[in-house]
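In this text the structure is predicted, and so the values were computed from the model without any measurement.
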Amino acid sequence: MPQHVMGDKPFLSLPKHLLTNASSATDSGCDTPPSSRASPASLRSAHSPLGSSSQPLFEPQVGKRRSQTAREVQYMSAGPKNTLCGWRAFTPKCLQVFNTPKGFLFFLCAASFLQGMTVNGFINTVITSIEQRFDLHSYQSGLIASSYDIAACLCLTFVSYFGGNGHKPRWLGWGVLVLGIGSLVFALPHFTAGRYEVEMDEGVGVGTGACLANGSHVECMDSGLSSYRLVFMLGQLLHGVGATPLYTLGVTYLDENVKSNYSPIYIAIFYTAAILGPAAGYLIGGAMLNIYTEVSQRTDLTTDSPLWVGAWWIGFVGAGITAFLIAIPILGYPRQLPGSQRYIVMRAAEKQQLKDHSHRTVSNPAFGKTVRDLPLSIWLLLRNPTFILLCLAGATEATLIAGMSTFGPKFFEAQFSLSASEAATLFGYLVVPAGGGGTLLGGFLVNRFKLRGSGIIRFCLFCTLTSLLAFFVFLTHCPNMPMAGVTTSYVGSPLPEGHLDLKAACNAIYCCQEEHYSPLCGSDGTMYYSPCYAGCPAGAETGPSGQKIYRGCSCILQNVSSGLGNATAGKCTSTCQRKPLLLALVFVVIIFTFLSSIPALTATLRCVCDQQRSFALGIQWIVVRTLGSIPGPIAFGWVIDKACLLWQDQCGHQGSCFVYRNEAMSRYMLIAGLTFKVLGFLFFVTAYFLYKSPSVSSDGLETSLPSQSSASDNPTEQLQSNV
């Protein structure tokens with residue numbers, strides 16, 4: 001593309017806002033050649049004075065200078081050398097159709113959708129399967145999940161600081177490539193660990209005679225497969241490194257290349273794609289788990305068997321290949337999109353106008369190019385109280401989002417007596433419209449009502465207060481279904497809390513083992529630990545819906561008058577009347593939590609200087625992950641474990657929880673939720689009172705820009721009179 005030159009040197013690649021004395025500019029030899037000056041005639045004859053990023057915005061005319069004491073605003077063209085879309089010299093015209101903000105948004109949404117589907121969808125879906133396949137404990141799988149956020153925290157400062165001043169699309173493209181490599185590494189253990197083979201134990205859960213000595217002991221052996229957790233952690237670390245540019249550089253690149261009024265809409269669409277990704281991950285990952293992990297091998301196992309392992313690895317292989325396809329077009333985008341310079345002046349009025357020496361330092365285009373400027377950049381952000389408070393408010397919201405997304409299905413499973421797949425499906429149906437709709441609606445409302453600065457923070461206050469009030473829904477709960485030997489005795493009388501008594505006269509002749517947890521619902525309305533503990537004889541029929549039906553169970557026969565004593569595999573259906581209320585108010589909590597996410601992000605972008613926005617988002621993500629995303633699941637998991645009533649016994653070690661006390665679970669969720677919501681509300685309130693309104697109106701500055709019909713004879717004087 002043709003370049004505007006000053007002498008024999010091209011203009012700088014970044015826009016410069018120079019506040020200079022007219023006469024001093026002349027004395028210092030900064031005059032432009034006559035051929036490169038922007039005359040009024042050239043401005044009026046141009047199709048659009050701001051239509052190309054390579055055209056000068058404003059140039060002062062030498063013949064109409066003010067006095068030496070007068071100061072003028074001089075906007076000089078600093079467009080990039082090349083705004084064409086392509087790879088090095090290969091820039092075909094057909095690709096320029098995509099060289100727009102909407103085109104870049106499409107590929108960025110595809111990348112965020114893939115990241116959300118892989119990290120927040122596939123990982124959460126298959127974590128139980130890889131625990132079974134590779135003999136992992138819960139704390140080991142938790143460490144695998146946390147490796148993503150750990151890597152992101154370690155890389156955020158470096159990526160946001162240097163990437164913010166570099167070629168953002170290239171950073172984004174290489175990040176997506178690393179994300180794809182991480183997915184392939186995560187699937188690698190399936191191909192190197194050998195075939196998954198299990199021995200069927202036909203006698204599990206039932207018995208017909210006295211316990212034999214050789215059948216009452218379960219041998220515990222270490223297969224050595226648990227060492228593959230290091231490979232999974234490496235894959236998650238690569239996921240974290242690759243996803244780091246997406247939510248820092250991707251957001252700022254969008255904000256730099258669209259009108260400030262449209263920026264919340266673009267960012268909201270981007271984040272909505274990231275939220276819809278996990279929903280697709282749950283659906284696709286769940287479907288893959290219905291396929292046996294050894295796809296070429298037949299097995300007698302069914303999906304209901306605790307020994308079943310699904311094809312957990314297929315999703316990661318597909319995600320790795322797709323990441324490479326998405327990275328290629330992102331790498332072809334230019335440093336700045338065509339026409340992006342028109343938004344530089346408009347954004348300047350919406351940021352915080354810092355009038356001290358530090359702001360003049362940050363306004364220097366050379367600031368932030370070297371690591372020597374890093375301490376000053378951090379210090380400037382630490383001195384911005386609004387930014388710090390928004391970071392802390394974001395951390396409290398992230399704690400709730402991370403905790404609820406991890407343990408929300410488990411809460412539904414316990415409260416409504418659902419299976420794990422049913423609970424995950426119900427939670428997904430709730431989160432997708434509430435989370436995705438809330439994120440998109442938040443960006444739309446900011447744009448619709450032209451919210452700026454303090455108005456955005458006030459909107460976040462309203463959302464936080466509404467979700468805080470809705471959290472009181474956890475004052476109610478659904479009662480536990482009666483379970484023989486756990487919550488009630490085998491004759492129907494309640495058991496003291498925490499007192500486990502699975503043995504009874506009706507199952508004394510059977511060799512029952514606590515390791516074999518397989519709940520079933522008796523015709524007496526009581527749940528039983530397993531067919532063996534229910535006194536069911538060997539053999540089960542298959543009902544019309546495919547469920548196993550046990551007949552003649554001795555422990556059920558003593559509680560029913562019909563004399564059938566039947567039981568169906570699975571949990572008893574809950575008859576809780578509070579289910580609609582719980583679902584409705586949990587929906588309100590989710591939608592209003594996500595409703596404030598984009599406005600809070602927009603407020604962050606508007607309260608820092610232009611050149612610090614990428615770095616500010618990086619620091620914010622570090623705070624959010626360190627204080628929110630990483631400890632959130634741990635905190636919620638700890639309080640939920642306090643409500644456990646029946647623990648799994650893994651060779652003498654405590655495993656996962658089988659049965660929770662619903663009342664205690666709701667109470668602990670209420671305490672944790674209110675704590676973080678109140679903290680978030682206080683942070684937003686303080687940020688609202690400490691925020692300083694910009695000194696110049698964005699709309700007034702926008703109207704000061706010349707157009708084809710209203711450009712004055714001297715654009716410099718027109719800008720001076722309006723600013």
Let me see the working for Phe681 and Phe676 under ring-ring contact (aromatic ring centres under 6.0 Å, His included), right down to the final yes or no. CA-CA 9 Å; Phe681 181 80; Phe676 292 111; over 10 Å; no
Give the intermediate values and the outcome of side-chain contact (heavy atoms from CB on, under 4.5 Å) for residues Met483 and Thr526. CA-CA 6 Å; Met483 188 171 188; Thr526 302; 5.7 Å; no
Full working for ring-ring contact (aromatic ring centres under 6.0 Å, His included) between Tyr691 and Tyr688: CA-CA 5 Å; Tyr691 182 83; Tyr688 173 75; 8.7 Å; no
Val446 vs Ile598, test: side-chain contact (heavy atoms from CB on, under 4.5 Å). Steps then yes/no. CA-CA 9 Å; Val446 170; Ile598 297 303; 5.8 Å; no
Test side-chain contact (heavy atoms from CB on, under 4.5 Å) on Leu595 and Phe459; report intermediate values, then the result. CA-CA 9 Å; Leu595 194 63; Phe459 177 77; 3.9 Å; yes
Worked verdict on Phe186 versus Ile123 for side-chain contact (heavy atoms from CB on, under 4.5 Å): CA-CA 10 Å; Phe186 200 93; Ile123 296 292; 3.5 Å; yes
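Here the CD-OG distance, from Gln236 to Ser183, works out to 9.0 Å after rounding to the nearest 0.5 Å. Separation of atoms SG (Cys463) and CD (Glu397) is listed at 9.0 Å; rounding is to 0.5 Å. Within the model, atoms CG of Leu645 and CG of Asn662 stand 10.0 Å from one another, a figure rounded to the nearest 0.5 Å. Atoms CZ and SG, on Phe416 and Cys576 in that order, are 6.5 Å from each other to the nearest 0.5 Å. Distance check: Thr476 OG1 to Gln415 CD gives 8.5 Å after rounding to the nearest 0.5 Å. In this structure, Leu451 CG and Cys460 SG are separated by 9.0 Å, a value rounded to the nearest 0.5 Å.
A donor-acceptor contact shorter than 3.5 Å links the side chain of Thr248 to the backbone of Thr244. With hydrogens and angles disregarded, a donor-acceptor distance shorter than 3.5 Å links the side chain of Asn480 to the backbone of Tyr660. With Asn447 contributing its side chain and Phe444 its backbone, the two residues share no donor-acceptor pair below 3.5 Å. Between the side chain of Thr604 and the main chain of Ala600, a donor-acceptor pair closer than 3.5 Å is present. Using modelled atom types, no side-chain atom of Asp501 and backbone atom of Ser489 make a donor-acceptor pair closer than 3.5 Å. Within the 3.5 Å criterion, the main-chain N or O of Val241 finds no donor-acceptor partner in the side chain of Tyr148.
Two residues are said to be in side-chain contact when any heavy atoms from C-beta on lie closer than 4.5 Å; Asn566 and Ile556 fail this criterion. Between Ser666 and Arg661, every side-chain heavy-atom pair lies at or beyond the 4.5 Å cut-off. Here the side chains of Phe683 and Leu390 are not in contact, with every heavy-atom distance at 4.5 Å or above. Under the 4.5 Å side-chain criterion, counting only non-hydrogen atoms from C-beta, Leu381 is in contact with Val608. By the 4.5 Å heavy-atom criterion applied to side chains, Leu468 and Phe592 are not counted as neighbours. Under the 4.5 Å side-chain criterion, counting only non-hydrogen atoms from C-beta, Leu445 is in contact with Phe449. At a threshold of 4.5 Å between non-hydrogen side-chain atoms, the residues Leu605 and Val251 count as touching. In this structure the side chain of Leu237 never reaches within 4.5 angstrom of the side chain of Leu154, judged on heavy atoms.
Contacts of Tyr668 classified as ring pair (Phe, Tyr, Trp, His ring centres under 6.0 Å), with partners at least two apart in sequence or in another chain: none. Judged as a side-chain contact (heavy atoms from CB on, under 4.5 Å), and not counting sequence neighbours, the contacts of Asp149 are Arg625, Ser629, Ile630. Residues satisfying the side chain to side chain donor-acceptor pair (under 3.5 Å) criterion with Thr272, sequence neighbours excluded, are absent altogether.
Taking the six-membered ring wherever Trp is involved, the centroid distance between the rings of Phe134 and Phe232 falls below 6.0 Å. Side-chain rings of Tyr533 and Tyr528 stay apart, their centers remaining 6.0 Å or farther from each other.
Residues Gly250 and Leu108 approach most closely at O-CD2, 3.8 Å, considering heavy atoms. Nearest approach of Thr626 to Cys153, heavy atoms of both residues: OG1-SG, 3.6 Å. Summarising the geometry of Met665 relative to Ala643, their closest heavy-atom pair is N-CB, 3.6 Å, with the distance given to 0.1 Å. Between Ala319 and Thr118, the shortest heavy-atom distance links the atoms CB-OG1, 3.4 Å. Residues Pro433 and Phe587 approach most closely at CG-CE1, 4.2 Å, considering heavy atoms. Contact detail for Pro482 and Thr488: the closest heavy-atom pair is CB-CG2, 4.0 Å.
The aromatic rings of His239 and Phe316 sit parallel, their planes meeting at an angle under 30°, below the 60° perpendicular limit. Ring geometry for Tyr247 versus Trp621: interplanar angle of 30 to 60°, hence tilted.
Asp255 and Ser263 form a side-chain donor-acceptor contact under 3.5 Å, judged by distance and modelled atom types alone.
Judged by the 6.0 Å distance and 45° axis criteria, Lys677 is not positioned over the aromatic ring of Phe471.
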